[in-house]
Amino acid sequence: MMGPSHALSGAAVWLAGSWALDHFAGYAQSPLAIAVGTTVCAGGALLPDLDLSGKVTRNQGGATVARTFGVFSLFVAEVVEKVSLGVYTATKLSKDPRRNNGHRTFTHTLPFAALVGWGTTALCAGSGKWAVVAVVFFMAGLALRGLFDEWAERAGWLIVTLASGVIAWFTAANLPGDRGYPMLGFAVGVGCVVHLLGDMITKNGVPILWPIPMGRRMWRMIGVPNGIAIKVGGRGEVLVLRTLFTLIAILSVFGMFAPHVLQRLDLELWADGG
């Protein structure tokens with residue numbers, strides 16, 4: 001799928017999950033915690049595409065996520081792409097094709113999702129509030145680049161970076177600093193898994209079963225049959241899936257906050273009437 005669809009799917013999944021926890025398990029979160037988790041999950045849903053690099057010297061090309069912070073993120077994407085290609089080359093079997101790029105390899109696996117999720121949790125637990133703020137800054141940039149792709153393209157990477165800084169500053173000013181925030185790492189990992197599932201419904205698929213060898217292949221692409229696969233950038237993705245993700249997000253927010261708002265209004269009306 002395209003970047004905006006990935007980011008929107010990550011946001012929708014996190015909001016739906018937050019509603020389910022609130023409704024069925026009584027696990028309520030503050031509006032700020034939900035907003036931060038949604039932002040991080042939306043950004044995490046773009047993270048696997050850091051393996052699609054562009055041209056650093058020209059500030060061109062690459063995936064949506066690679067252009068978030070200009071040449072800086074393009075450089076990171078180039079490093080990630082080379083590492084992913086190295087992992088592919090080092091672990092491929094005789095039936096795996098020869099490749100000259102690392103797109104849809106290591107970063108499109110479940111071990112990668114688990115690794116970045118665990119790494120984020122460990123970083124935040126060990127370094128505290130400022131690590132949380134750094135994670136929010138980076139993920140907010142990815143989320144903005146994905147959710148508001150056309151605006152971000154017009155505004156440029158500097159404005160996106162400044163907007164991410166504002167979100168990070170607001171987070172720093174309002175989040176307490178005495179927690180490890182394990183849910184933040186979970187949000188990153190969930191976002192990555194949502195990305196994999198999104199790519200699995202396209203024709204190319206992803207190596208989601210790596211590193212399990214299958215028929216002398218380590219990097220077998222897994223996806224739905226081509227007959228029902230979503231065309232990248234087609235109507236099925238842009239109109240159907242994005243509309244569905246938007247509805248899920250809106251209904252989840254309504255389900256979490258509307259009862260509290262209505263209850264408060266009832267109390268105020270009762271007090272006025274009394």
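- Closest approach of Thr121 and Phe186 over heavy atoms only: OG1-N, 4.2 Å.
- Taking 4.5 Å as the limit, some side-chain heavy atom of Leu47 sits within range of a side-chain heavy atom of Phe138.
- Nearest heavy atom pair, residue Lys92 against residue Pro97, reads CD-O, 4.3 Å.
- Note on Met183 and Val193: separate hydrophobic clusters, where clusters join Ile, Leu, Val, Met, Phe, Trp and Tyr whose side-chain heavy atoms are under 4.5 Å apart, directly or indirectly.
- Classification of Asp51 and Arg104 as a salt-bridged pair fails, no side-chain N sitting under 4.0 Å from a carboxylate O.
- Among the candidates Leu15, Val190, Val36, Val188, the single residue satisfying the side-chain contact (heavy atoms from CB on, under 4.5 Å) test with Cys41 is Val190.
- The residues Lys231 and Glu237 are annotated as not salt-bridged, no charged nitrogen and carboxylate oxygen being separated by less than 4.0 angstrom.
- Checked against a 6.0 Å centroid threshold, the rings of Phe69 and Phe137 count as neighbours.
- Looking at Thr105 and Ser84, their side chains come closer than 4.5 Å, going by heavy atoms from C-beta outward.
- Separation of the Phe72 and Trp157 ring centroids falls under the 6.0 Å cut-off.
- Note on residues 25-44: no pairs pass ring pair (Phe, Tyr, Trp, His ring centres under 6.0 Å), not counting sequence neighbours.
- Proximity of a side-chain donor or acceptor of Asp199 to a complementary backbone N or O of Val206 within less than 3.5 Å is not detected.
- Looking only at atom types and distance, the side chain of His103 has no donor-acceptor partner in the side chain of His108 under 3.5 Å away.
- Within the 4.5 Å cutoff, the side chain of Leu209 has no heavy atoms near those of the Arg220 side chain.
- Leu196 and Val80 are not part of a single hydrophobic cluster, where members link through side-chain heavy atoms under 4.5 Å apart.
- Here the shortest heavy-atom pairing between Leu93 and Pro213 reads CD1-CB, 3.8 Å.
- With sequence neighbours excluded, the residues satisfying ring pair (Phe, Tyr, Trp, His ring centres under 6.0 Å) with Phe106 are Phe112, Trp210.
- At least one donor-acceptor pair under 3.5 Å links the side chain of Lys129 to the backbone N or O of Ala172.
- In this structure, Phe24 has its ring center under 6.0 Å from that of Trp19.
- Using a distance-only test at 3.5 Å, with no hydrogens or angles considered, a donor-acceptor pair links the side chain of Glu81 to the main chain of Gly102.
- Between Ala140 and Thr39, the shortest heavy-atom contact is CA-CG2, 3.6 Å.
- Interatomic distance, Ile248 CD1 to Thr243 OG1, rounded to the nearest 0.5 Å: 11.0 Å.
- Within the 4.5 Å cutoff, the side chain of Val135 has heavy atoms near those of the Leu184 side chain.
- Annotation: side chain of Met2 is in contact with side chain of Arg242 (closest heavy-atom distance under 4.5 Å).
- Here the rule is side-chain contact (heavy atoms from CB on, under 4.5 Å) with Leu8, and of Thr246, Leu244, Val13 only Thr246 fits it.
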Take Leu241 and Ile201 through the test side-chain contact (heavy atoms from CB on, under 4.5 Å) and record every step on the way to the result. CA-CA 11 Å; Leu241 290 182; Ile201 62 175; 3.9 Å; yes
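- The side-chain heavy atoms of Leu85 and Arg99, taken from C-beta on, include a pair separated by under 4.5 Å.
- When atom types are taken as modelled, the side chain of Asp22 and the backbone of Ser18 share no donor-acceptor pair closer than 3.5 angstrom.
- Linking Ile, Leu, Val, Met, Phe, Trp and Tyr residues whenever their side-chain heavy atoms come within less than 4.5 Å leaves Leu251 and Val253 in two separate clusters.
- For the pair Ile212/Met218, no side-chain contact is recorded, criterion being any heavy-atom separation below 4.5 Å from C-beta on.
- Although no hydrogens or angles enter the test, the distance criterion places no donor-acceptor pair under 3.5 Å between the side chain of Thr120 and the main chain of Gly185.
- Of all heavy-atom pairs spanning Ser73 and Arg67, the tightest one is OG-C, 3.7 Å.
- Atom CH2 of Trp169 has 12 or fewer neighbouring heavy atoms from other residues, nucleotides or ligands inside a 6.0 Å radius.
- Here the side chains of Val65 and Arg145 are not in contact, with every heavy-atom distance at 4.5 Å or above.
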Steps toward side-chain contact (heavy atoms from CB on, under 4.5 Å) verdict (Met200, Val224): CA-CA 6 Å; Met200 283 180 67; Val224 300; 5.7 Å; no
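- Across Val238 and Gly233, no two heavy atoms sit closer than the pair CG2-O, 3.7 Å.
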Quick one: do Met221 and Asn204 satisfy side-chain contact (heavy atoms from CB on, under 4.5 Å)? Show the steps, please. CA-CA 7 Å; Met221 296 295 178; Asn204 292 330; over 6 Å; no
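- Here the rule is side-chain contact (heavy atoms from CB on, under 4.5 Å) with Leu144, and of Ile159, Thr161, Thr68, Ile167 only Ile167 fits it.
- The CG atom of Leu46 sits 9.5 Å away from atom CE of Met139, with the distance rounded to the nearest 0.5 Å.
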